[in-house]
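Okay, structure first, notes after.
For this chain, numbers begin at 1 and follow the sequence in order.
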Amino acid sequence: MPQLDQDKVKLWIEKVAASHGKAVGCLTYIFCDDEYILETNRKFLNHDYYTDIITFDYSNSRRVSGDMVISLDTVRSNAELFGRTYDEELRRVVVHGVLHLCGINDKGPGEREIMEAHENAALEICDV
């Protein structure tokens, strides 16, 4: 399991949400392995592939809430692939889910670059 300072993560996420005009409600992080996230992807999204995070959004217009399932196996392999440390990649994935809850998408044309810019901005204010 990742060693995260929960108080610092909470403050960081609150800053990120506030920068998007949102408040933080209930957020749940489920850390798992590749097989668990693959089964979750199949069961809930009808996708048959591995991913680093699946975000279930329960937000309302002002308050972000949701469940985020994160594969630590994929975080580790992506860290190696992209030349980052495991902790850096984990922080990126954690905030990626929050950004989805704030309304930022990454599947359409040009959206991936927008998401990456928001991730980078969020990581700049991170002291976790």
Polar side chain donor-acceptor pair, D73 to S71, under 3.5 angstrom: no
Membership question, hydrophobic clusters at under 4.5 Å side-chain separation (ILVMFWY): are V69 and Y29 in the same one? no
Checking side chain to side chain contact (heavy atoms under 4.5 Å, CB included) for the pair T55/L101: CA distance, chi angles, key distance, verdict? CA-CA 8 Å; T55 304; L101 297 175; 3.6 Å; yes
Are side-chain heavy atoms of N60 and R62 found at a separation under 4.5 Å? yes
For a quick check under 3.5 Å, do N120 and R92 share a side-chain donor-acceptor pair by atom type? yes
Within the 3.5 Å criterion, strictly below it, is a donor on E35 or Y50 matched to an acceptor on the partner's side chain? yes
Ignoring hydrogens and angles, state whether a donor on the side chain of D52 or H96 is under 3.5 Å from an acceptor on the partner side chain. no
Is there a side-chain contact between I37 and I54, using heavy atoms and a 4.5 Å cut-off? yes
Quick check: do M115 and H100 have side-chain heavy atoms less than 4.5 Å from each other? yes
Is the closest side-chain heavy-atom distance between T51 and N41 below 4.5 Å? yes
Heavy-atom pair of closest approach, residues K22 and S61: NZ-O, 2.7 Å
So, do H20 and I104 sit near enough that their side-chain heavy atoms are less than 4.5 Å apart? yes
State, yes or no, whether a side-chain contact exists between F31 and L90 at a heavy-atom distance under 4.5 Å. yes
Measure the shortest side-chain to side-chain distance between V64 and Y58 over non-hydrogen atoms and say whether it is less than 4.5 angstrom. no
